[in-house]
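Here the structure comes first, spelled out in structure tokens, and everything after it is commentary.
As the structure lists them, so they are numbered: ligands from 1, and atoms in each ligand from 1.
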Amino acid sequence: MTHLRGKTIVLTGSSSGIGAVAAKKMARAGARLCLVARDGEQLSAVKAEIDAAGGKVWIYPADLTDEAQLNECAAAILAEHARVDVLINNAARSIRRPIEEALDRLHDYQRTIQINYLGAVGLTLKLLPRMLEQGRGQVVNISTMSTQVPIPLFSAYLASKSALESFSRSLQAELGHKGIDVTVVHFPMVRTPMSNKTRIYKHMRMMDTDAAADWLVKAVREKPARIARPLGNVGSVVLAALPGPATRYTQPLFRLMDWRLKKKLEK
Ligand SMILES: NC(=O)c1ccc[n+]([C@@H]2O[C@H](COP(=O)([O-])OP(=O)(O)OC[C@H]3O[C@@H](n4cnc5c(N)ncnc54)[C@H](OP(=O)(O)O)[C@@H]3O)[C@@H](O)[C@H]2O)c1
């Protein structure tokens with residue numbers, strides 16, 4: 001079990017949702033937080049709360065889909081902090097759209113890949129040399145339970161998260177023996193600005209941001225290879241063993257779930 005006290009943690013996507021709550025929790029536990037997101041005002045608001053509680057925090061407003069901004073952000077972090085103990089790649093965007101409605105929308109796939117995969121990989125590549133110099137470091141990559149089961153309607157989002165999971169496996173396999181730990185977090189649905197964008201999910205039961213942020217604290221404390229719900233883990237085993245039936249027989253259930261959620265919304 002690792003203590004957070006004194007650890008320098010770079011947390012992307014910390015201007016809102018799970019990231020903002022996790023930043024405050026980690027600062028309370030004594031970590032030094034480097035917060036990254038595009039919205040400087042929101043980051044300043046999170047920083048003000050951490051400052052007021054006596055925590056240690058720095059902000060780095062940057063659009064991680066812009067390579068120049070990503071490089072500048074990484075350079076500033078490396079210049080201002082002697083160590084980088086943990087990088088949490090949490091910044092992301094989600095798109096819910098049937099593939100048939102995306103036939104003229106290759107940009108859906110480009111936009112999700114750009115932040116969810118390339119933004120995360122880009123920052124990892126820049127901060128990794130410092131972790132290797134230190135002889136240890138941890139990369140926590142945020143994914144979703146939806147890559148563990150055959151969820152429809154999120155093809156662009158899920159493909160980008162699956163790519164990030166694959167990169168995570170390579171990172172662990174190649175650099176584990178040099179002190180690099182990699183954790184993939186498969187969140188279930190969490191009530192945040194991201195999930196609130198989908199109207200029919202208004203009445204869906206979801207994890208709250210406080211519990212989700214606790215998963216990130218656990219990721220840093222315990223450094224497991226994966227944090228996930230048991231249902232997601234069972235889903236990934238069934239999907240690996242029986243991809244055809246696992247996909248075919250679950251789709252009517254997802255359609256039924258959407259139908260019920262729509263009915264609730266109409267009431
Ligand atoms: N909510 C869910 O149901 C759910 C389920 C499974 C997994 N997840 C994952 O959990 C993580 C956190 O999501 P959330 O629900 O907390 O979403 P959120 O509230 O929408 O937060 C997303 C964060 O990413 C940042 N971001 C987006 N684009 C960016 C860019 N180009 N450059 C830098 N930062 C960028 C946003 O900040 P700015 O807008 O200020 O840039 C924001 O801080 C994500 O990886 C998401 O995929 C969420």
Practice prompt. Identify, chain by chain and in numerical order, each protein residue with a heavy atom under 4.0 Å from an atom of ligand 1.
Written response: G13, S14, S15, S16, G17, I18, A37, R38, D39, A62, D63, L64, T65, N90, A91, A92, I115, I142, S143, T144, Y157, K161, F187, P188, M189, V190, T192, P193, M194, S195

Fill in: Salt bridge E222-K218, side-chain N to carboxylate O under 4.0 Å
yes

Worksheet item: Is L256 isolated, or which residues cluster with it under the ILVMFWY side-chain rule of less than 4.5 Å, directly or via members?
Response: W259

Worksheet item: Are K47 and D51 ion-paired here, with the side-chain N under 4.0 Å from a carboxylate O?
Response: yes

Worksheet item: Are side-chain N/O atoms of E72 and Y60 paired as donor and acceptor at under 3.5 Å?
Response: no

Item to complete: State plainly whether the residues D85 and R32 are in salt-bridge range, i.e. N to O under 4.0 Å.
Response: no

Worksheet entry | Check ion pair D108-R96 (N to O, under 4.0 angstrom) | no

